[in-house]
Asker: 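Please read through the structure below; I'll follow up with questions.
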Amino acid sequence: MTDILKKKRWLYLPIIIISFILGLFYLTKVADYLTLPFLSLLLLILTFLEVYPSKNYFSKGNLIKMISALLVIALALWYQIAVFILG
């Protein structure tokens, strides 16, 4: 299964770009409060696809990628709570 995914890695970027554009269009037209969770999920998927092939999750570079993604998601969650729940 992983061999098939490694051979098809060139498909990741177009699929993610298309889903990003369609999802962003849908979420901004229909449900504005779901945009940040959608982008956070997309960031998690991209970070996983970036870190997974190396299999060395605790290297310095991969830790920086994962911590950066979690920091951005934490800021998005804070914004979501501050604007849509408390505001």
Side-chain angles (χ1 to χ4, degrees):
M1 181 67 183
T2 57
D3 294 333
I4 294 171
L5 288 176
K6 286 181 183 177
K7 291 178 185 176
K8 303 282 185 186
R9 285 174 72 178
W10 59 273
L11 282 174
Y12 292 161
L13 192 60
I15 289 172
I16 289 172
I17 289 173
I18 291 169
S19 65
F20 177 78
I21 291 171
L22 291 176
L24 202 60
F25 177 75
Y26 171 76
L27 292 174
T28 53
K29 296 294 181 190
V30 176
D32 191 33
Y33 58 90
L34 292 176
T35 304
L36 282 176
F38 172 75
L39 293 176
S40 297
L41 182 65
L42 192 60
L43 179 63
L44 281 177
I45 292 169
L46 284 173
T47 305
F48 175 75
L49 291 176
E50 181 72 27
V51 171
Y52 179 72
S54 70
K55 302 280 189 184
N56 189 5
Y57 302 115
F58 298 107
S59 69
K60 185 178 180 181
N62 286 342
L63 280 176
I64 290 173
K65 290 174 191 174
M66 289 187 286
I67 290 171
S68 300
L70 291 175
L71 181 65
V72 169
I73 291 171
L75 288 172
L77 180 64
W78 171 79
Y79 178 79
Q80 189 85 8
I81 290 171
V83 170
F84 292 111
I85 296 175
L86 299 177

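All values below were derived from every heavy atom in this structure, side-chain atoms included, with hydrogens, water molecules and symmetry-related copies excluded.
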Asker: By the definition side chain to side chain contact (heavy atoms under 4.5 Å, CB included), identify the one residue from Leu44, Leu49, Val51 that meets it with Thr47.
Answerer: Val51

Asker: How far does NZ of Lys65 sit from CZ of Phe48, to the nearest 0.5 angstrom?
Answerer: 13.5 Å

Asker: Work out which heavy atom in Leu63 is nearest to a heavy atom in Phe58; give both atom names and the distance.
Answerer: CD1-O, 3.7 Å

Asker: Which distance, rounded to the nearest 0.5 Å, do you find between the CD1 of Ile73 and the OG of Ser68?
Answerer: 11.0 Å

Asker: Closest heavy-atom contact between Asn56 and Asn62?
Answerer: O-ND2, 2.6 Å

Asker: Grouping I, L, V, M, F, W and Y whenever their side-chain heavy atoms are under 4.5 Å apart, do Leu77 and Leu43 come out in a common cluster?
Answerer: no

